Asks: 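Quick one: structure below, then a few questions.
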Amino acid sequence: MLHPYPVRIVLLLLCFVYFAAGVSAQDISPGSGAAAVDKVSLNIKGMDVVEVLKMLASKVRLNVVVDKNVSGRVTVFVKDVSPSEALRMILASNNLVLRQEGDVARIMTAQDYEQIYGQKYADPRRMLRLPLRYLAAQEAAALLAQVKSGVGQIVADEASGALIIFETPQKLHEMEALVLKMDRPMETRAFDLNYAKGEKVAESVREVLSRTGSRLVIDSRANRLIVTDYPERLDRAEAVISGLDQRTREVQIDAKIVQVNLTDKTALGIDWEYVLNKKFSVQGMFGNVITTTGNKWTIGSLNPSEHNDYSAVIEALQTQGNTRILSAPRLAVVNNESAKILVGSKQVYVTTTAVQGQSTTETAEAVNFVDVGVQLYVTPTIGADGFISIKVRPEVSAVTENYTTSTGNKIPIVETSETETTVLLEDGATLVIGGLMKDETIRTTNRIPWVGSIPFLGFFFRNTVEETRKTELVIFLTCRIMDFDAQPQEHL
């Protein structure tokens, strides 16, 4: 059996002979100097890494010291490379590090290098400590985390109010400039709101505030916003608030609800074409009138340039039947808000609920109300051109009969007729709505005084007549934009 040392010596001699075979270039060693060396070709399999390192170090004329933890086998095949390049490849493939210390190069593992010098080998990062005067360390770290590189690391030192940053030199320069730009004093301003609600305005104000260090407090009691930020950001917030805190425009609505008792001739509804075209000059009083027949709507608009005289229109409606005004409300509605007009009553009914206990059953009664009569819902929207887009929903309801439950409660059955539309009106124009028809049952009892009130016998001295009367409702809506600036000031 051959001794291992002579075999190792023979292998080393063969390698040296193999290195000497290719001569063509110069190489700069990883050490401090440069020397003219030949290129080499390596064909090694399973050779001790320490021996290979020594062999390559001698080729580049480098004094090396190999640490005790360096071990392993090398398998490499390269052709026509410089010895220093081959050395770098072997070091990288075996996770080894070459550290130049004066005239001697020290070869160690990457783990030993990190333990000795406190950083990874060839770490491109540098450390920078940035003391903060105004910014909170955690907030600044959260902002810088969005711009740091993949190898960067940020530590927020809350105790000293500083940032410790490990980054590449270029990134360190960018992050330092960003911190210096942010780390400056902030101001606090209070913005009193006159018309808008603080909760709604705050949503838009937050969009223009800084991501770091800014504060926004809503004082609901005084309807005020308290904002802390940089002066230029506060100027933006002020512009947003002034744009949103505008006085909301209002629309004044003059309504007249007219009831027309139809006759046999007008049982199908008011003949609007006859009323408007025969009794009045459509061009003089009305503009753009849409007329229909039957139970359909009739929509028109009085010309705002003329004097709106309802009495003339109501007088014309007298030709269609007995006419009376049920209600004439006047109200102001905020732009894009809804208003409701009810001409009628609230019908009451009782519901009973049974609650089963462990030994007894208890009943609870609940009183409920339902609106019956004429209801009108309006939602005006003022356009930039001065026109009013008004959404109208009239509703006519009546109790036709009562439903008796098993517990004896009577629940009214309500018959409802409603429709909905949106109309564009000029400021001051009048909207006319018709075709809302309903039947009313009128019971009239005639009796002889005193005798007709006698129980049982009074039946022969009184007479009850039921009459069904058909009516149609006509609604006039005059819409005007309220101009507060144009109103005269009152003097005390």
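Just so we're clear, the structure is a prediction, and the values are computed from it rather than from any experiment. Residue numbers start at 1 and run along the sequence shown.
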Asks: Thinking salt bridges, do R236 and E238 make one under a 4.0 Å N-O criterion?
Replies: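 Salt bridge flag = no for E238 with R236.
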Asks: Are K340 and D371 close enough for a salt bridge, meaning some N to O gap below 4.0 Å?
Replies: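 D371 and K340: salt-bridged.
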Asks: Can you tell me if S214 uses its side chain to pair, donor with acceptor, with the backbone of R211 under 3.5 Å?
Replies: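 It does not hold such a pair.
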Asks: Could you tell me whether Q170 atom CD has more than 12 heavy atoms of other residues or ligands within 6.0 Å of it?
Replies: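 At most 12 heavy atoms, drawn from other residues, nucleotides or ligands, come within 6.0 Å of this atom.
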Asks: Locate the shortest heavy-atom distance separating S82 from K39; write the atom from each residue and the value.
Replies: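 Closest pair (atom of S82, atom of K39, distance): N-CG, 4.2 Å.
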Asks: Looking at every non-hydrogen atom in both residues, tell me the closest pair between S204 and V240 and how far apart they are.
Replies: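 Taking every non-hydrogen atom into account, CB-CG1, 4.0 Å.
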Asks: Does the side chain of N63 come under 3.5 Å of the side chain of D103 through a donor N or O and an acceptor N or O?
Replies: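 Short answer, no.
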Asks: Going through the distances and angles, do K45 and R73 end up as a side chain to side chain contact (heavy atoms under 4.5 Å, CB included)?
Replies: CA-CA 8 Å; K45 183 177 181 181; R73 298 283 175 177; over 6 Å; no
Asks: Without swapping roles, check the side chain of N223 against the backbone of A196 for a donor-acceptor pair under 3.5 Å.
Replies: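 Side chain of N223 to backbone of A196, a donor-acceptor pair under 3.5 Å: yes, one is there.
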Asks: Whether R215 and D229 form a salt bridge (side-chain N of Lys/Arg under 4.0 Å from carboxylate O of Asp/Glu) is what I want to check.
Replies: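 So D229 does not pair with R215 through a salt bridge.
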Asks: With no hydrogens and no angle check, do the side chains of T228 and E187 hold a donor and an acceptor under 3.5 Å apart?
Replies: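 There is no such pair between these side chains.
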Asks: Checking Y113 against R99 for the side chain to side chain contact (heavy atoms under 4.5 Å, CB included) test, could you report, in this order, the C-alpha distance in whole Å, the side-chain angles of both residues, the deciding distance, and whether it holds?
Replies: CA-CA 9 Å; Y113 183 92; R99 172 79 176 185; 3.3 Å; yes
Asks: Is there a side-chain contact between L193 and L225 in this structure, where contact means two heavy atoms from C-beta onward sitting under 4.5 Å apart?
Replies: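 Yes - at least one pair of side-chain heavy atoms lies under 4.5 Å apart.
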Asks: Closest heavy-atom contact between L132 and L163?
Replies: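 Nearest heavy atoms, L132 then L163: CD1-CG, 4.0 Å.
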Asks: Are R184 and Y134 in a cation-pi setup, meaning NZ or CZ lies under 6.0 angstrom from the ring centre and within 45 degrees of the ring axis?
Replies: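 The answer is no; the distance or angle limit is not met.
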Asks: Tell me which donor-acceptor pairs under 3.5 Å the side chains of residues 380-391 have, and how far apart each pair is, sequence neighbours excluded?
Replies:
{"unit_1": "T381", "atom_1": "OG1", "unit_2": "N336", "atom_2": "OD1", "d": "2.7"}
{"unit_1": "D385", "atom_1": "OD1", "unit_2": "F387", "atom_2": "N", "d": "3.2"}
{"unit_1": "K391", "atom_1": "NZ", "unit_2": "E420", "atom_2": "OE2", "d": "3.1"}

Asks: Give the intermediate values and the outcome of salt bridge (charged side-chain N to carboxylate O under 4.0 Å, His left out) for residues R106 and D67.
Replies: CA-CA 7 Å; R106 182 179 177 183; D67 282 11; 3.2 Å; yes
Asks: Would you please test V49 and L96 for side chain to side chain contact (heavy atoms under 4.5 Å, CB included) and show each step?
Replies: CA-CA 10 Å; V49 65; L96 300 175; 4.2 Å; yes
Asks: Would you call D112 and K68 a salt bridge, taking side-chain N to carboxylate O under 4.0 Å as the test?
Replies: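 No, D112 and K68 are not salt-bridged.
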Asks: Do T248 and N335 have side-chain atoms, one donor and one acceptor, less than 3.5 Å apart?
Replies: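 No, no side-chain donor-acceptor pair sits under 3.5 Å.
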Asks: Are any side-chain N or O atoms of K171 and backbone N or O atoms of V147, one a donor and one an acceptor, separated by less than 3.5 Å?
Replies: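 Flag set: sc K171 to bb V147 pair under 3.5 Å.
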Asks: Side chains of E167 and S149: donor-acceptor distance under 3.5 Å anywhere?
Replies: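 Distance-only check passes for E167 and S149.
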Asks: Can a donor-acceptor pair be found, under 3.5 Å and without considering hydrogens, that links the side chain of E139 to the backbone of L135?
Replies: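 Side chain of E139 to backbone of L135: no pair is present.
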Asks: Closer than 4.0 angstrom, basic N to acidic O: yes or no for R330 and D254?
Replies: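 Salt bridge: yes.
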